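Throughout, protein chains are lettered first and strands after them, A, B, ... in sequence-line order, and every chain is numbered starting at 1. Because only heavy atoms are used, hydrogens play no part in the values below, and waters and symmetry mates are left out as well, while side chains stay in. It should be emphasised that the depicted structure is a prediction, and the values quoted were computed from it without experimental measurement.
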Protein chains: 2
Amino acid sequence: MDPTKTNERSKTPKEAIRQAATELFAASGYAATGVRAIAAQAGVDPALVIRHFGSKEALFLETMRLEGPFLQIVTGPLDGMGERIVRYVLESGSESMGPIFVHLLRASDSEVVRAHVRNAVEDLYVEPVSRRLEGDEASLRARLVAAQIAGLITTLWVVPDPELTAANPGRLARIYGAAIQNIIDGR
Amino acid sequence: MDPTKTNERSKTPKEAIRQAATELFAASGYAATGVRAIAAQAGVDPALVIRHFGSKEALFLETMRLEGPFLQIVTGPLDGMGERIVRYVLESGSESMGPIFVHLLRASDSEVVRAHVRNAVEDLYVEPVSRRLEGDEASLRARLVAAQIAGLITTLWVVPDPELTAANPGRLARIYGAAIQNIIDGR
DNA sequence: CATGTTTGTCAACGCTGTTGACCGTCACGT
DNA sequence: ACGTGACGGTCAACAGCGTTGACAAACATG
């Protein structure tokens, strides 16, 4: 097979598959991305995809990881943290985190995917926020902050509300940030 | 075919299909429910399902409609409305609305499904709330209330957080309700 | 009674994720 | 140097999916 055809810059075929999967899953989601399409873009036999990663689902999980510098937001001062969180979410929509969250939610039929998301949200959002909160029921309140973030993401990108996606980010951050701050402060 | 086998109480086959689809979709969601399974439970040929409803997706949309007495909550006094909303959502989880929302979100790959959800949320939540809100940017704030509701549903049933599903509903309603009320009141 | 329309049936299509059988290549112990 | 596993890769095939074309039966309408 001609090595200069598609992804000549990736050394090992396994890496080529991983990269192709990352791009295609991020672009089209789990259901709409076929194993044969991934294999084609990687310049590889479809069977090899399964051989290397066990299943389409396992490859999806290994590829779509939730990461991001959210910890920086949460290490700042408690004051105005709600607004900073909203601003961070709005910015992260253009880059990697937004679509990944969307596709993971849409694939949450599977219990394995749910556990994947649950763990990521726990480590990335709940735990750091919970550690910073003062007052009673810090863990519960941190989870409700995470729920508010999930709601924003859902309304912006999972089932986009045109009037919300077109809204002034500043106003969004002020209004929704205040609601988040309400839980952060704890009445 | 033996009429006493599965759904003898439904008159027309089309109605039997609709009923079987409602049950199976609500129980297992879009992806995990096959056309052949629906046909089997309705005691009908698989092809007939498509003949009558056009496609599996169309049947899914016709079956999974978001409805509920949410308007009653929103016609009450503005004071304490946030808490009433949360209580309503928590109760509606056991019955029909919760799972339907979950399965619709998980099927939101398709633009048709997204439009379906968008319209339902608009008519059922955004419009009534927006009509009641006082102050500036009533529409925007109503959409952010809807976002908070979506977030609660997501964290409770789409990717369930065990600590949240096990939490005292009263505390949940008080804390999260206050955050919603923050947007309702508009600072 | 003839005719057109709806209602239902059957087999098949092209697609999907996955696997069993097979082949080539490399490293290693004797 | 030679056999011998182990590993990476290929091919054809499987069972299941949603959907459709061809056709039959049942009905309403002129």
Side-chain angles (χ1 to χ4, degrees), chain A residues 1-3 5-8 10-22 24-25 27-64 103 106-113 116, chain B residues 1-3 5-8 10-22 24-25 27-64 103 106-113 116:
Chain A
M1 191 157 293
D2 185 1
K5 199 164 64 176
T6 46
N7 273 339
E8 74 279 5
S10 47
K11 294 182 297 207
T12 145
K14 182 162 184 176
E15 230 39 55
I17 294 173
R18 204 194 311 268
Q19 181 185 329
T22 305
L24 291 181
F25 278 141
S28 314
Y30 180 76
T33 302
V35 170
R36 284 167 175 84
I38 297 175
Q41 182 158 121
V44 139
D45 189 280
L48 199 61
V49 175
I50 304 296
R51 287 276 120 92
H52 271 308
F53 294 91
S55 70
K56 177 187 170 184
E57 192 182 49
L59 176 56
F60 181 69
L61 286 181
E62 191 164 327
T63 298
M64 307 298 268
H103 295 316
R106 292 200 179 127
S108 65
D109 280 292
S110 151
E111 168 57 38
V112 204
V113 174
H116 180 87
Chain B
M1 191 156 293
D2 185 1
K5 197 164 66 176
T6 45
N7 274 339
E8 74 279 6
S10 47
K11 293 182 299 210
T12 146
K14 182 162 184 176
E15 230 37 56
I17 294 174
R18 204 194 310 269
Q19 181 185 329
T22 305
L24 291 181
F25 277 141
S28 314
Y30 180 76
T33 302
V35 170
R36 285 167 175 85
I38 297 175
Q41 182 158 121
V44 139
D45 190 280
L48 199 61
V49 175
I50 303 296
R51 286 276 118 91
H52 271 307
F53 294 91
S55 70
K56 176 187 170 184
E57 191 181 50
L59 176 56
F60 180 70
L61 286 181
E62 191 165 328
T63 296
M64 306 299 267
H103 295 317
R106 293 201 178 126
S108 66
D109 280 291
S110 150
E111 168 57 39
V112 205
V113 174
H116 180 88

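Note that B/K14 lies in the cation-pi zone of B/F53, set by a 6.0 Å cut-off to the ring centre and a 45° limit from the axis.
Nearer to the 5' terminus of DNA chain C, by closest-nucleotide assignment, is the contact made by A/R36 (compared with the other of A/R51 and A/R36).
Residue A/H103 holds its NE2 atom at 13.5 Å from OH of A/Y30, rounded to the nearest 0.5 Å.
When the side-chain nitrogen and oxygen atoms of A/H52 are compared with OP1 and OP2 of D/dG9, one or more of them lie within a distance under 4.0 Å.
Of the listed nucleotides (D/dT19, C/dT9, C/dT19), D/dT19 has the atom at the smallest distance from the side chain of B/K56. Nearest nucleotide to the B/D45 side chain, out of C/dT9, D/dG18, C/dT18: C/dT9. In the set D/dC11, C/dG8, D/dT19, C/dG8 carries the atom at the smallest distance from any side-chain atom of B/P13. Nearest to the side chain of B/S55, among D/dT19, C/dT16, D/dT10, sits D/dT19.
Here the shortest heavy-atom pairing between A/S28 and B/D109 reads O-OD1, 4.4 Å. Closest heavy-atom contact between A/P46 and A/V35: O-CG1, 3.8 Å.
Residue A/I17 contributes atom CD1, which lies 10 Å from atom C1' of D/dG9 at whole-angstrom precision. One can place CD of B/E57 at 12 Å from C1' of D/dG18, the figure rounded to the nearest angstrom. Per the geometry, CD belonging to A/E15 stands 13 Å off P belonging to D/dG8, to the nearest Å. The interatomic distance linking B/L24 (CG) with D/dG18 (P) rounds to 12 Å, in whole Å. D/dC14 atom C1' lies 14 Å from atom CD1 of A/I50, rounded to whole Å. Nucleotide D/dG8 holds its P atom 12 Å from the CZ atom of A/F53, rounded to whole Å. At whole-Å resolution of the value, OH in B/Y30 and P in D/dC17 are 13 Å apart.
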